[in-house]
Amino acid sequence: PDSPRTRWTKSLLSLLGDQDGAQLFRTFLERDKHVDTLDFWFACNGFRQMDINNTKTLRVAKAIYKRYIENSSVVAKQLKAATKSYIRDVIRRQQIDSAMFDQAQTEIQSSMEDSAYQNFLTSDIYLEYI
Amino acid sequence: LESEDDLLQKCITSAMPKQN
């Protein structure tokens, strides 16, 4: 099998798809107080898998909105205003759909690829691990 | 009834990678 180094340097997605990689990246982000970006990214994936007709799904959509989007959290700061207002409208109308966080997730993912992921690959925590 | 926080945490955990 490939070494962690080979797997994790391929792409952010290959890092996040690996249990140890995701865990180490999480520890790295905790130091920077940016762990919410990672939790939000996973929450979007989890939300997409939920049954849209289950009442729990609306509650989860609201929880994601409250926790990461409506305030001035590290996630909200990295999202476009139009993306945030789109999600706010969907929540207000209670007309949720499985793809409602896709655009927001894409924006957060791009942001992680451009900065946190690059910084992770040169961080002490990563270098010590490999 | 589960709290929104619990539901959110479950949602996050469900999407995390399992054993390699």
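Below, read A as the first sequence line, B as the second, and so on, with proteins coming before strands; counting in each chain starts at 1. The analysis underlying the following values was restricted to heavy atoms, covering all of them including side chains, and did not include hydrogens, waters or symmetry mates.
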Legend entry - Ser73(A) and Asn71(A) side chains, donor-acceptor separation under 3.5 Å: yes

Legend entry - Toward chain A, the part of Ser3(B) with a non-hydrogen atom under 4.5 Å: backbone

Inset, instruction - Flag the pair Lys66(A) and Glu4(B) as a salt bridge only when some basic side-chain nitrogen lies within less than 4.0 angstrom of an acidic carboxylate oxygen. - result: yes

Legend entry - Contacting region of Gln9(B) [heavy-atom separation from chain A under 4.5 Å]: neither

Inset, instruction - Test Val35(A) against every option in Thr27(A), Val74(A), Leu29(A) by the side-chain contact (heavy atoms from CB on, under 4.5 Å) rule and name the one that passes. - result: Leu29(A)

Inset, instruction - Could you have a look at Phe42(A), Trp41(A), Phe47(A) and say which one has the most heavy-atom pairs with chain B under 4.5 angstrom? - result: Phe42(A)

Inset, instruction - Would you give the length of the straight line joining atom CG of Leu38(A) to atom CD of Gln109(A), rounded to the nearest 0.5 angstrom? - result: 11.0 Å

Inset, instruction - Side chain from CB out, backbone as N, CA, C, O: work out which of these in Arg67(A) comes under 4.5 Å of a heavy atom of chain B, or both, or neither. - result: side chain

